[in-house]
Amino acid sequence: MSADGRRVVRVLPDVAAIDKEFDYLVPPGVAVSVGDMVRVDLHGRRVGGWVVAADVEPEPGMALRPLAKVSGRGPSPEVIDLAGWAAWRWAGRRASLLRTASPPAVVATLPQVAPPRLEPDVSALLADAAPDTARVIRQALELDQAVLRLAPGADRYLLVRAAVADSIARGGSCLVLCPSVEEARGLGRRLIRAGVPTAVVIDDDRPRAVAAEWASAAAGATAVVGTRSSAWAPVANLARVVVLDEHDEAYQQEQAPTWHARDVVLERARRADAPVVLVSPCPTLEALGCATLVTTDRQSERLGWGRVEVIDQRDLDPSLGPLFSPRLVDLARGPGRVLCVLNRTGRSRLLACAACSTLARCERCAGPVADPDGGSMVCGRCGTDRPPVCLECGGARFKNLRLGVSRAREELEALVGEPVGEVTAGSPEIDRLHQRVMIGTEAVLHRVDRADVVAFLDFDQELLAPRYRAVEQALVLLARASRLVHRSGRPEARVLVQTRSPDHPVLVAARRADPGRLSESEAVLRTALGFPPAVAMAAVSGAAAEAWIAAFGAPPGVVVQGPVEGAWRLTAPDHETLCDAMATVVRPPGRLRLEVDPLRL
DNA sequence: CGGACAAGCTGA
DNA sequence: CAGCTTGTCCGG
């Protein structure tokens, strides 16, 4: 109640271009609290919004309009605060984050949720587990922030059960994030079958059903399972967070604000004083930088990575074509499901020495070099240029290594002697998915859940992609492939990698099932070259970018580079410096994309 | 974002 | 100068 006897609340309208709060009168007899979703009259029209503060002292004499309607429950006060933090961290607007945190249909009241059917404790759950499995799970659950490195083939279900049991012991609920909808649904079903009251909060085209799950999460479901957006799901009493496959790019929002679910839940858990376990076969440097690493014994990790076989393409018989080694053709003819991966979506073309077939790479950062003008070789990653001479044999002639997926499919079909299916991100072509042998971009790895052989036809495309995370992402692909073939059980089950760089650290890491060494060398390289997570970066683009950059000026600690193709790059030693500086800029009108922590760079 | 309102343009 | 388009401003 304010000084003059009026009840006033502060509302953030759900209008894309307004990041401003407005005060409204609460009509007599109306109950409303922070987090509720309301409708208000704003500038002659009726819009939705969130109550972000109650019992507000309005400016004296200000004529206030009454709330038009209290429509239902919305995000909790903690999540509203979290959205404020994320708006700073990713230079975005709170409304877009709160929309993600809100139910897609009206939730008038919260349902009653059942208490857990049984009271499992962590020790009972782990009693039958292998000793090393029990050890790493216990160890991870004892830490405030743990990165648990589990090989691709390892079963994560026991960890999730133990995390849920531990949450019950702590008197609260457990939030579990999965990279894909299918995994989240599957995990939700398993937990429900095990007697854990579980809310599966996943956006789809059924708003009523999603809102019902949202409501049961808000009401205190013991486990809340979902994908990226569930970082914002309601959790009545957050006791623990688990992020499965923490390395997955699906956790980062593509549209600005480009928030990352892992980073959102880390902050959310920190505020709630809840521990977090990040799980991955190949943890990101970001995760390793903020959490304590827990690893299984070497033998479990080797078993869980399965067999990774590397073919040196420099030794290939040219008569078979550049993409198909005899070994590959042999495996493709054999029994079982075979997936061939060929990434040809990037614009980068690779050059190899015409004499010795060694790839043309940058002397400074080992990235791929292109030959844009025919005179010199320029690195697509760091910009260094050098004369067109092979570093291995001194040869001066180079050949272009590009071949499309469709052409490769025809060639493979001829070599194997049976129909070969094709999968690309653009074309679903479900009817071709049942072919025994399939070829496609990496999308092929996401369309099936098991395979007997996964073959990367030209892995250099991944190793040398002109992105600073290329090495990390290349190992992610191998982990994904390894998981698919782990379910095979056949003797020929393996991941086959064709490359001209057989001793690349990524391939050594996968063959030895030891991602740790790679993380160490990558961390050194990123620091030396000034890439995240050694620094904090942002990209600014769009029609209004120039005006934004002008308003940004040159704040201390932030380096502004560009424009390159209409985009500027900001670099600062840490997010504190970067985000504080970005927060001072008044957004100019017009289309503007502020991308903090850009994935491709 | 989208309504309000002002300034600019057109044709009788 | 009414009647319409286009542009800029700002919201309780």
Side-chain angles (χ1 to χ4, degrees), chain A residues 1-75 77 79-81 83-84 86-88 90-106 203 207 229 232 253-259 540-552 582-596:
Chain A
M1 196 78 80
S2 71
D4 56 7
R6 301 184 292 178
R7 285 167 69 216
V8 176
V9 291
R10 195 151 285 166
V11 173
L12 179 74
D14 182 8
V15 178
I18 304 180
D19 198 9
K20 209 172 143 192
E21 297 165 357
F22 300 93
D23 290 347
Y24 287 86
L25 278 175
V26 182
V30 169
V32 63
S33 51
V34 174
D36 284 342
M37 305 190 65
V38 292
R39 290 192 74 76
V40 293
D41 291 313
L42 182 72
H43 203 56
R45 63 203 173 108
R46 190 157 287 191
V47 297
W50 297 271
V51 175
V52 295
D55 300 321
V56 171
E57 194 62 49
E59 269 180 54
M62 189 76 171
L64 297 180
R65 290 167 186 280
L67 291 174
K69 194 184 174 196
V70 177
S71 31
R73 307 289 296 252
V79 171
I80 288 176
D81 285 346
W88 166 82
W90 285 281
R93 291 173 168 126
R94 272 184 306 166
S96 85
L97 300 163
L98 287 178
R99 220 172 291 148
T100 309
S102 303
V106 170
D203 277 320
S229 61
W232 299 97
Q253 174 84 357
E254 283 183 31
Q255 300 94 343
T258 53
W259 53 273
V540 183
S541 57
E546 194 166 0
W548 192 93
I549 289 288
F552 187 65
M582 292 180 81
T584 63
V585 181
V586 180
R587 207 179 163 105
R591 285 188 62 83
L592 178 69
R593 180 172 162 87
L594 299 177
E595 201 181 351
V596 178

> Compare every heavy atom of A:Ala54 with every heavy atom of A:Val34, then report the nearest pair and how far apart it is.
CG2-N, 3.6 Å
> Go through the side-chain N and O atoms of A:Thr100 and A:Trp259 and say whether any donor and acceptor fall under 3.5 Å apart.
no
> Can you name the closest pair of heavy atoms from A:Ala83 and A:Leu98 and give their distance?
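Smallest heavy-atom distance, with atoms named: CB-CD2, 3.6 Å.
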> Might you point out which heavy atoms bring A:Trp50 and A:Met37 nearest each other, and give the distance in Å?
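A:Trp50 and A:Met37 have their closest heavy atoms at NE1-CE, 3.6 Å.
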> If I compare all heavy atoms of A:Arg7 with all of A:Val30, which pair ends up nearest, and what's the gap?
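Here A:Arg7 and A:Val30 meet closest at NH2-O, 2.9 Å.
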> Taking only distance into account, with no hydrogens and no angle test, what donor-acceptor pairs under 3.5 Å do side-chain atoms of residues 542-551 of chain A form with protein atoms, sequence neighbours excluded?
none

> CZ of A:Arg93 versus P of C:dG11: gap in Å, rounded?
16 Å
> Of all of residues 14-45 of chain A, which get a heavy atom below 4.0 angstrom from DNA chain B, listed by number?
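Heavy-atom cutoff 4.0 Å gives A:Val15, A:Ala17, A:His43, A:Arg45.
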> Report yes or no: does A:Tyr24 contribute a side-chain atom to a donor-acceptor pair with the main-chain N or O of A:Val51 at less than 3.5 Å?
no
> Testing the basics here: between A:Ala86 and A:Leu97, what is the closest heavy-atom pair and its distance to 0.1 Å?
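Heavy-atom minimum between the residues: CB-CD1, 3.7 Å.
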> Please work out which residues in residues 63-72 of chain A have a non-hydrogen atom less than 4.0 Å from an atom of DNA chain B and list them by number.
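Of all residues in residues 63-72 of chain A, none places a heavy atom under 4.0 Å from DNA chain B.
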> Starting at CG of A:Leu12 and ending at P of B:dC1, how long is that distance when rounded to a whole Å?
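Answer to the nearest Å: 16 Å.
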> What is the distance, rounded to the nearest whole Å, between atom CZ of A:Arg587 and atom P of C:dC10?
18 Å
